[in-house]
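These numbers come from the heavy atoms of this one structure, side chains and all, not from hydrogens, waters or symmetry mates. All residue numbers refer to positions in the sequence shown, counting from 1.
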Amino acid sequence: MAKIEQAANVNLVSRISAGTYVKGEIVSPNDLRIDGKFEGSIISEGKVVIGESAEVDAKIVCVNADVWGKTKGSFTVKDILAIKSDCSVEGELKVRRLIVELGASFNGSCKMISEQDYEKEAAEMRPKDQSRQAATPGGRKE
């Protein structure tokens, strides 16, 4: 029986490219890939990938994450955080499952959490005025 793999829709992946520096807050219902520099906070209902050339100093709340580059701060991950070989992670991890590859550098603390712990932390970080309604081009709510 052939295994069918679904390809990610690249239009649903937000990206901070190499050479780009962003400081602030990102709230996204989609996946996010960072190859540049980012400082601030990230809330994603998808996967966060920190690429090989990335430098991130942030509080990150997401469903899954892969770290290939350098990161400081904290991660709260609903499912799997994968720390890849040759990357550097400093900070506090709150995860359900953790993968640390040989050659990765991790300095900090790690706490294994439940899905309920994740939901509580994510709710605290979400903007209070966040709405799921689409905005019209003029910025008005429909």
Side-chain angles (χ1 to χ4, degrees), residues 1-137 139 141-142:
M1 188 175 199
K3 191 174 188 180
I4 299 173
E5 293 185 35
Q6 292 182 341
N9 184 342
V10 294
N11 292 326
L12 296 180
V13 178
S14 299
R15 186 169 183 148
I16 297 173
S17 300
T20 302
Y21 172 74
V22 177
K23 183 175 183 178
E25 180 178 281
I26 296 174
V27 178
S28 176
N30 302 314
D31 294 348
L32 172 67
R33 180 175 177 100
I34 301 171
D35 289 304
K37 293 182 181 182
F38 178 80
E39 184 179 341
S41 64
I42 297 169
I43 302 172
S44 173
E45 294 177 26
K47 183 176 193 172
V48 173
V49 176
I50 297 175
E52 295 90 343
S53 62
E55 293 181 30
V56 175
D57 186 353
K59 181 172 185 176
I60 300 170
V61 176
C62 60
V63 175
N64 290 298
D66 288 347
V67 180
W68 298 87
K70 295 179 183 177
T71 185
K72 292 181 183 178
S74 67
F75 280 90
T76 302
V77 181
K78 185 175 186 176
D79 196 16
I80 300 171
L81 170 62
I83 300 175
K84 304 298 187 173
S85 64
D86 298 327
C87 80
S88 171
V89 175
E90 291 182 32
E92 178 184 19
L93 309 180
K94 296 177 185 176
V95 299
R96 286 193 58 210
R97 295 186 282 179
L98 177 65
I99 299 169
V100 181
E101 290 186 359
L102 193 63
S105 171
F106 169 61
N107 290 304
S109 63
C110 181
K111 178 181 178 184
M112 305 309 278
I113 61 171
S114 67
E115 192 166 333
Q116 292 79 18
D117 294 333
Y118 168 84
E119 293 300 337
K120 181 180 174 185
E121 181 102 10
E124 290 173 7
M125 256 190 89
R126 283 189 189 101
K128 303 298 182 230
D129 62 350
Q130 182 179 3
S131 172
R132 297 225 177 254
Q133 294 179 346
T136 60
K141 299 283 182 185
E142 290 181 336

Min side-chain heavy-atom separation L81-V89 under 4.5 Å: no
side-chain contact (heavy atoms from CB on, under 4.5 Å) evaluation trace for E39 with Y21: CA-CA 8 Å; E39 184 179 341; Y21 172 74; 2.9 Å; yes
Residues I50, I60; criterion side-chain contact (heavy atoms from CB on, under 4.5 Å); working and verdict: CA-CA 11 Å; I50 297 175; I60 300 170; 4.0 Å; yes
Flag side-chain contact, heavy atom, 4.5 Å: C110 against V95: yes
Verdict with reasoning, D31 to R33, per salt bridge (Lys or Arg N to Asp or Glu O under 4.0 Å): CA-CA 7 Å; D31 294 348; R33 180 175 177 100; over 6 Å; no
Atom of L102, atom of S85 and distance for their closest heavy-atom approach: O-CB, 3.1 Å
Taking every non-hydrogen atom, the tightest pair across C87 and G69: CB-O, 3.2 Å
Taking every non-hydrogen atom, the tightest pair across F106 and G91: CE1-O, 3.8 Å
Listed pairs under 3.5 Å, donor-acceptor, residues 73-80 side chains, sequence neighbours left out:
| from | atom 1 | to | atom 2 | distance (Å) |
| --- | --- | --- | --- | --- |
| K78 | NZ | E119 | OE2 | 3.4 |
| D79 | OD1 | R97 | NE | 3.0 |
| D79 | OD1 | R97 | NH2 | 2.5 |
| D79 | OD2 | R97 | NH2 | 3.0 |

Heavy-atom pair of closest approach, residues E45 and P29: CB-O, 3.8 Å
Heavy-atom side-chain proximity of L93 to I83 below 4.5 angstrom: yes
Side-chain donor/acceptor of S44 to backbone N/O of N30, under 3.5 Å: yes
Pairs flagged by side chain to side chain donor-acceptor pair (under 3.5 Å) wherever residues 52-73 is involved - sequence neighbours left out: K47-D66
Taking every non-hydrogen atom, the tightest pair across L32 and R15: CD1-N, 4.3 Å
Spacing of M112 atom CE and L98 atom CG [to the nearest 0.5 Å]: 6.0 Å
Atom of V61, atom of M125 and distance for their closest heavy-atom approach: CG2-SD, 3.0 Å
